[in-house]
2 protein chains.
Amino acid sequence: MGVTLKDVARLAGVSAKTVSNVVNGCPGVSDALRRRVRDAIGQLGYRPHLAARHLRTGRTGLLALVVDTPHLDEVARAILRAAAQRGHRVVVAPRGPARGVTAAWRDVPADGILLGTNAPPRDVLDAEVTAGTPLVLLGEGRDDRCDRVGVDMVRAARDATAHLLALGRRRIAAIGADPGPSRSRTAGYRQALRRAGIDAPAAYVRATARPERTDGYHAARSLLAHDPPPDAIFCYSDPLAVGAIRAATDAGLRVPDDVAVIGFGGTEEGRYVRPSLSTVVPDAEVIARAAVTRIVARIACPDLPPAEIVAPHTVLPRESAPAPPGGSRPASPRESAPELPGGSVRACPRGSVPHRETAPHTPRAGDGGAAAGGPRVPA
Amino acid sequence: MGVTLKDVARLAGVSAKTVSNVVNGCPGVSDALRRRVRDAIGQLGYRPHLAARHLRTGRTGLLALVVDTPHLDEVARAILRAAAQRGHRVVVAPRGPARGVTAAWRDVPADGILLGTNAPPRDVLDAEVTAGTPLVLLGEGRDDRCDRVGVDMVRAARDATAHLLALGRRRIAAIGADPGPSRSRTAGYRQALRRAGIDAPAAYVRATARPERTDGYHAARSLLAHDPPPDAIFCYSDPLAVGAIRAATDAGLRVPDDVAVIGFGGTEEGRYVRPSLSTVVPDAEVIARAAVTRIVARIACPDLPPAEIVAPHTVLPRESAPAPPGGSRPASPRESAPELPGGSVRACPRGSVPHRETAPHTPRAGDGGAAAGGPRVPA
DNA sequence: CTGAAAGCGCTTACAG
DNA sequence: CTGAAAGCGCTTACAG
């Protein structure tokens, strides 16, 4: 407790700088000295004081991950894996008490923030941007001044809705449509309906306070009491959809026969509910790799022009909204895959030089991961 | 960007110390000065450099929460709420890549760690203890040198098993029984069987690599192929149980008629699967309050004798293992409630002066929280 | 290739 | 009640 670099230097009989060089793997230290220093470090149990380093260098060596929306849960897990693989340490400010999160990530000591929140409040974002905090957005919100990595939310929502249309459904409702944060998903939903020449009553679009199971349950229950009731529901997160399924079956309805349900996020949970949950699966691996690469690059070069990196998504049919009989899925993996391997990159309005990310695309096996080691879900 | 306390002092025409006093709410600054300083802070957008403060004071002002086992998910959420309510900032090292977590929490900058992992590796724990890191254990593992806050795991497992016995089950299996980390739950399971005069075959106790759904699925599938197959399964986490239910129904078995299932953790997810999941519910609010209180106390007074704070748990019958017809539940809330309000405190072997925690007990309504705002689960 | 000095931005004794 | 100085443990120019 309290072993400093100086103590190590004294024991090893070298200067503080040499110890620092060894600790940080800097070249220019002879092997013999390096060994002597290593020994001294081991003997004293020295561990560098991170705050001192931070104060001096301005770098914490930490990334922060903030996820306050469950449709990014799998993405968050993938980011943790990807960061660990590359040796980056990550702290998480989790989905928590509504206000807590937004407040929390301002003071987390990190060099950069991966912000998996939908539509971060404008003023908070402004403060971070002007403070120069490296920021990568993962959710729905876009900002000309920030990087974003994620699926094309409008298109993903359109594909989900089109999947329900392909099943012959016409009275399609949407749950989760917060006017602000979920704007693009609602836009995609409406686009799909418009193209099919369908006009959804306003009551079919339900905003919920949060994206959790209980919210989906109550929204669905109210929706199913509407006249006429919807014959399909698109939920903006998997937990919302899980709640909706339970509400439907509790009401004595059959899923998908009476009402089909599709979620958003591709979470594990959806494979185990009954009926199992159809869902839109963001390519979490691509997003994770691109997001980590990007935040690291942004930390190194704050002046990079902001870029948007679009990752592929797939519609994964399971029991709650199965593949249409014809077999021609409205949003085949091929169709929704990006033109460029690894996600396409759009130049942001302000960015004069669009930055090309290296995020190699890993083809997903079959149903997007459900094959590996899990239950075989009846088709 | 780069506004320091000195800048504020200059603008306000005071010394650095005065600004520091104002920022930290120290008394002894006249109201007029305080105002002037506040104004200067606002004008410059000053935010204190946390690392500098940390370096000087040795305090980060952060708590770290490490949860790598899902039976503590609800506890983790409650801790986040409790900490936020009391103005403590928390960073989370989440359940992630198996090794990542254990490695990660060593370098998270925090004044103390709430460690929700089962049986932390001895050597890692040793290192932290000798380093003097304030530590509160939340999982199964105990250590004479550390505080622990949580339910009585042996008793909780005994109650879960007794619940299955009360349903008339005799061939009761257990999933999740890692020899090390889950020892006490296995002990409780065996106690209950022994008291009922039942001898479970060794094959009925299954260790799994992880406590997730897919592990529960595979363990249950293998278990149900055993001859004779179990007529009830106690799972050491809710996700394990969710997987087990799916395995049983996939195999064409009826839950609970052919095989009853009970989980551990009282997670939300269990209310929505079908059949809904019976589970052991730790009193997350009591644990959360006690854990936060304790870690804060331990940070302030490192020499407190280590204490164990035992929180109450309840068995929550739902569809997958309903209440027995007689109505006399084997583990009524009353029976498993602690003698002392707020959880009983046991003196640790080394602690000569057992420390009494103040963790007021909140009686749980009905089924342990499931009543509020969720689906009405058929009895 | 290695060493002595300065300084990152705070807070904490110590004077006034 | 307020101010000037020292120092927390590192790393970064700068000399040798």
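Naming: A, B, ... by sequence-line order, numbering from 1 per chain. Scope of the values below: all heavy atoms of this structure, side chains included, with no hydrogens, waters or symmetry mates.
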task: Kindly state each residue pair satisfying ring-ring contact (aromatic ring centres under 6.0 Å, His included) with at least one member in residues 15-50 of chain B, sequence neighbours excluded.
output: A/H54-B/H49
message: Set out, in order, the CA-CA distance, both residues' side-chain angles and the distance that settles side-chain contact (heavy atoms from CB on, under 4.5 Å) for B/R36 and B/T18, then state yes or no.
response: CA-CA 11 Å; B/R36 224 163 72 204; B/T18 304; over 6 Å; no
task: For side-chain contact (heavy atoms from CB on, under 4.5 Å), just list the numbers for B/R148 and B/R294, CA-CA rounded to whole Å, side-chain angles, deciding distance to a tenth of an Å, and then say yes or no.
output: CA-CA 9 Å; B/R148 176 181 178 268; B/R294 188 65 190 176; over 6 Å; no
query: Are any of the side-chain nitrogens in B/R145 or B/D126 under 4.0 Å away from the carboxylate oxygens of its partner?
result: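 Yes, this pair counts.
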task: Name the nucleic acid region contacted by A/L50, choosing base, sugar-phosphate or nothing; use a 4.0 angstrom heavy-atom cut-off, strictly under.
output: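 Here A/L50 touches no strand at all.
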- request: Have a look at A/N24 and say if it touches a base, only the backbone sugar-phosphate, or nothing, with a 4.0 Å heavy-atom cut-off.
  value: sugar-phosphate
- request: Let me know which of A/V136, A/V310, A/L137 forms a side-chain contact (heavy atoms from CB on, under 4.5 Å) with A/V149.
  value: A/V136
message: Distance under 4.0 Å to a non-hydrogen atom of chain A counts as contact; along DNA chain C, which nucleotides mark the start and end?
response: C/dC1 to C/dG9
- prompt: Using Watson-Crick and G-U wobble pairs whose two distances are both under 3.5 Å, how do you write the pairing of DNA chain C as dot-bracket, with | for links to another strand?
  reply: |||.||||||||.|||
query: With sequence neighbours excluded, what pairs up with B/R35 under the salt bridge (charged side-chain N to carboxylate O under 4.0 Å, His left out) test?
result: none
Set of salt bridge (charged side-chain N to carboxylate O under 4.0 Å, His left out) partners for B/D39, sequence neighbours left out: none
field: Whichever of B/A52 and B/K17 has its nearest DNA chain C nucleotide further upstream toward 5'
entry: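 The answer here is B/A52.
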field: Set of residues satisfying side chain to side chain contact (heavy atoms under 4.5 Å, CB included) with respect to A/A12, sequence neighbours excluded
entry: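 If we apply the side chain to side chain contact (heavy atoms under 4.5 Å, CB included) test to A/A12, skipping adjacent residues, the hits are A/V14, A/V37, A/A40.
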- prompt: Between A/N21 and B/G13, which is nearer to the 5' end of DNA chain D once each is assigned its nearest nucleotide?
  reply: B/G13
